Structures are given as structure tokens and as C-alpha cells.
Amino acid sequence: MTSRNALAAKRSRLALRSRILHGMRHFFVERGFLEVQTPVRTPAPAPEDHIDAMHSEEWYLQTSPELYMKRLLAAGYDKIFQICPVFRKGERGRRHHPEFTLLEWYRRGEGTEALMQDCQELLQHVCRFVDRFPQFSYAGQVLSVFPPWDRWTVRTAFQKWAGWDPLTAYESSRFSEDLVTRVEPHLGFPRPAFLCDYPPQEAALARLSPRGGLQVADRFELYWAGVELANGFSELTDREEQERRFRETLARRRQDGRNVYPWPHRFLESLDFLDAAAGIALGVDRLVMLLSDAPTLDDVVAFSPDHEP
């Protein structure tokens, strides 16, 4: 198939993608959220263990608009959302692209319960918007967006499918591998499901909370048909604690020979003006893949990452 014919063959899925984006904007604007645009390039990405940023001259392409959007929250914005491209080095696979589209939204003064309610209402709204409500087919299975949605704690899910408890015996590499290979494939059939209460070591920029005598990250991920769609959490707003985590992360990156980013001074200063907030990032391309019954992300973007110019 020629390149021109391949592009023409994507028309129905690209049309669906356009309607999904329209439905997302309609959902948030109708609920009083302000759509914002923040810079795609940044001098200082958030230091993270498992995500690498790409250089753009002396700066970096954003891996997420997170730090800029939290600075807006700290300046007094209550409900904001953004749909934007993000870039992550080395990600390429059936469900991974080095450039992809994120929907991020934030609520000042709220927590993860409000975000999970948003997720349920958003996906139902989008499914109605594109005629996929209350159910549709994906990869030969019937999926439903109709509530109630399952809610698993990380501890319960790992004990059931991986055979160990990461809250009392955390191992970084084992956690990541078992999450992907043993836990995720069971989540979100036929309805979406939440995976909640991560080990404190997986908190990154999330607030910690007590659960059953243990500290957990007040964080959740949203899955549908075994596909991770979104990552949300109550924001850590303790500046000293955030600085400590960033220093430790940068030290690990330096030790591993990975890129060590400049210190995000402005973001950290903004935390002095932010008491409570919650935010979430949802992978738009993956949602389009599900709703269009596409086998890969390549099928739901006009140009795949390795397209010819």
C-alpha cells in the first residue's frame, strides 16, 4: 500500500479521533474548566525514575505539562485542562509512541475521589458522543462503560495475581515487571477499573496517606481491557518533601548515567502557595485505539513515529 493510500485508509479512525477530542473539550468546558496551553519546551522537566526527556537545543521537550499546570493552580486557577503533545525518549511499541497526546486536568482543593468521579463521567460522556454507549467491541470482546467500575488496591491486586505484597516487601524492578506482566492484563474487563493506593516508593509527585496502618501514595491508575489509560493522584504540596524526592531521583539518575535535569526552581517555589490539589493525565491515543477497535497506536495517528518525510 502506498503512503498516500495508507493515509486515506485511516480516514474513519481519524474522524473518530476528532469527535473524541471534541467530546472531551465539550465535557470540560460544560463543567466550568478553563482550557489552557503551556509551553511544549521546558528548561527543567520533572525528575522521574522511569521517564526520559528529549533535548530541544539547550532545553527539553515536555514529558508532561504537569509542572506548568500546577504553577497555574498555585496562582489561583481552580479547574483547568489541557490537550497537548508530549515526548518521551525511547518509547516505541504497540501501545507506546515517543510522541503522543495527553489530556491533563487539575482540580484545586480536591482529591482523588473527585478525579475518579470525573473519569467515570468523562468516559461515559465521550462514549455517548461517539456512539459507543453503553458498550462496544474491542479485540473481539464486548466492553462496557456502564457503572459500577471495579476498584482494586495495589496490595490486593498483587496478592491475587502476582503472589506478593509490594507494600510490605517493595522491590522496584519486580514491582514494575509484575505490574505490566501479571496484574495489568486482568484489569478493566468488561468495564474500566481503578488500581489505587500505590507503594510510597511509587509516589513521585503524589501525596502520601495512611491506609490500614501503612503509608501509601494517594494515587490511582485507570485501566480498560488491560490497557493503562490514566494516572492520577493527590498532589504533593509539601515543598521540602518534594525537594527531597527530587534530589533522591536526580541522584539515582546520576548514578545510573542518565541525564540529570536542572533544578525546577519556579515550580518548587509555587508549592508554597498550593494547599491541596489533584491532577490526572489520560492517554488520548490509547482511548482512541480502544473506541475504534484498532490493534495499535499507529492506526489512530495520521503519521506513526517512524513515518517517512
Side-chain angles (χ1 to χ4, degrees), residues 16-36 64-66 69-70 72-73 77-84 100-138 141-153 187-198 206-207 209 218-235 276-293 300:
L16 180 66
R17 179 190 182 95
S18 174
R19 288 165 58 202
I20 290 169
L21 290 170
H22 187 187
M24 288 174 171
R25 286 197 164 90
H26 182 267
F27 175 87
F28 285 105
V29 171
E30 194 176 53
R31 284 158 179 75
F33 280 76
L34 177 68
E35 182 170 9
V36 299
S64 159
E66 182 172 1
M69 292 184 77
K70 288 184 197 171
L72 289 172
L73 294 179
Y77 294 80
D78 289 324
K79 298 192 295 183
I80 54 177
F81 80 100
Q82 178 166 197
I83 299 173
C84 60
F100 58 100
T101 303
L102 272 186
L103 160 66
E104 289 211 13
W105 73 95
Y106 289 83
R107 287 178 171 272
R108 199 162 75 109
E110 299 277 10
T112 49
E113 288 296 329
L115 295 181
M116 286 191 273
Q117 185 64 34
D118 285 341
C119 287
Q120 294 196 54
E121 294 176 3
L122 171 66
L123 290 196
Q124 290 181 60
H125 177 87
V126 170
C127 285
R128 282 193 175 94
F129 214 81
V130 298
D131 300 324
R132 298 295 191 275
F133 184 89
Q135 61 186 37
F136 60 96
S137 293
Y138 170 71
Q141 303 178 78
V142 175
L143 301 183
S144 172
V145 74
F146 207 74
W149 295 6
D150 286 334
R151 188 180 297 196
W152 295 89
T153 65
L187 298 174
F189 296 94
R191 298 175 173 82
F194 296 113
L195 185 64
C196 310
D197 298 349
Y198 280 67
R207 184 190 296 261
S209 297
D218 190 9
R219 170 188 168 194
F220 70 90
E221 291 196 345
L222 172 64
Y223 289 88
W224 204 356
V227 177
E228 179 205 337
L229 280 182
N231 177 27
F233 45 84
S234 294
E235 305 293 345
I280 179 169
L282 185 148
V284 173
D285 305 326
R286 289 185 177 182
L287 181 59
V288 177
M289 186 182 78
L290 292 181
L291 295 181
S292 66
D293 195 14
V300 298

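Every heavy atom of this structure was used, including side-chain atoms; hydrogens, water molecules and symmetry mates were not. Every value quoted in this text rests on a predicted model; they were computed, and no experiment measured them. Residues take their numbers from the sequence shown, with the count starting at 1.
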Closest non-hydrogen atom pair between [X] and [Y], with its separation:
X: Thr112; Y: Ala278; value: N-CB, 4.3 Å
X: Leu72; Y: Tyr77; value: O-CD1, 3.0 Å
X: Phe27; Y: Asp118; value: CZ-O, 3.9 Å
X: Cys196; Y: Arg151; value: SG-CG, 3.5 Å
X: Ala276; Y: Arg207; value: CA-NH2, 3.8 Å
X: Trp149; Y: Cys119; value: CH2-O, 3.5 Å

Straight-line distance of [X] [atom1] to [Y] [atom2], nearest 0.5 Å:
X: Glu35; Y: Ile80; atom1: CD; atom2: CD1; value: 11.0 Å
X: Ile280; Y: Asn231; atom1: CD1; atom2: CG; value: 7.5 Å
X: Leu123; Y: Leu229; atom1: CG; atom2: CG; value: 7.0 Å
X: Leu16; Y: Asp293; atom1: CG; atom2: CG; value: 11.0 Å
X: Leu122; Y: Leu222; atom1: CG; atom2: CG; value: 9.5 Å
X: Asp197; Y: Ser209; atom1: CG; atom2: OG; value: 8.0 Å

For [X], what residues pass the ring-ring contact (aromatic ring centres under 6.0 Å, His included) criterion, not counting sequence neighbours?
X: His22; value: Phe129
X: Phe220; value: Phe194
X: Phe28; value: Phe33, Phe81, Trp105

Within the distance-only criterion (no hydrogens, no angle test), does the side chain of Arg219 pair as donor or acceptor with the backbone N or O of Ala206 below 3.5 angstrom?
no

Could you tell me whether a side-chain N or O of Gln124 sits under 3.5 Å from a main-chain N or O of Gln120, the two making a donor and an acceptor?
yes

4.5 Å side-chain heavy-atom contact, [X] and [Y]:
X: Leu291; Y: Val126; answer: yes
X: Leu187; Y: Glu221; answer: no
X: Val142; Y: Pro190; answer: no
X: Val145; Y: Arg132; answer: no

[X]: which residues meet the side-chain contact (heavy atoms from CB on, under 4.5 Å) condition with it, sequence neighbours left out?
X: Asp150; value: Trp152, Ala193
X: Gln141; value: Phe189
X: Arg108; value: Leu73, Asp78, Leu274
X: Ala114; value: Arg107, Glu110

Does [X] have any side chain to side chain donor-acceptor pair (under 3.5 Å) partners at least two apart in sequence or in another chain, and if so, which?
X: Gln135; result: none
X: Arg17; result: Thr101, Asp285
X: Arg31; result: none
X: Tyr106; result: Glu104

If the condition is salt bridge (Lys or Arg N to Asp or Glu O under 4.0 Å), which residues does Arg19 pass it with, not counting sequence neighbours?
Asp131

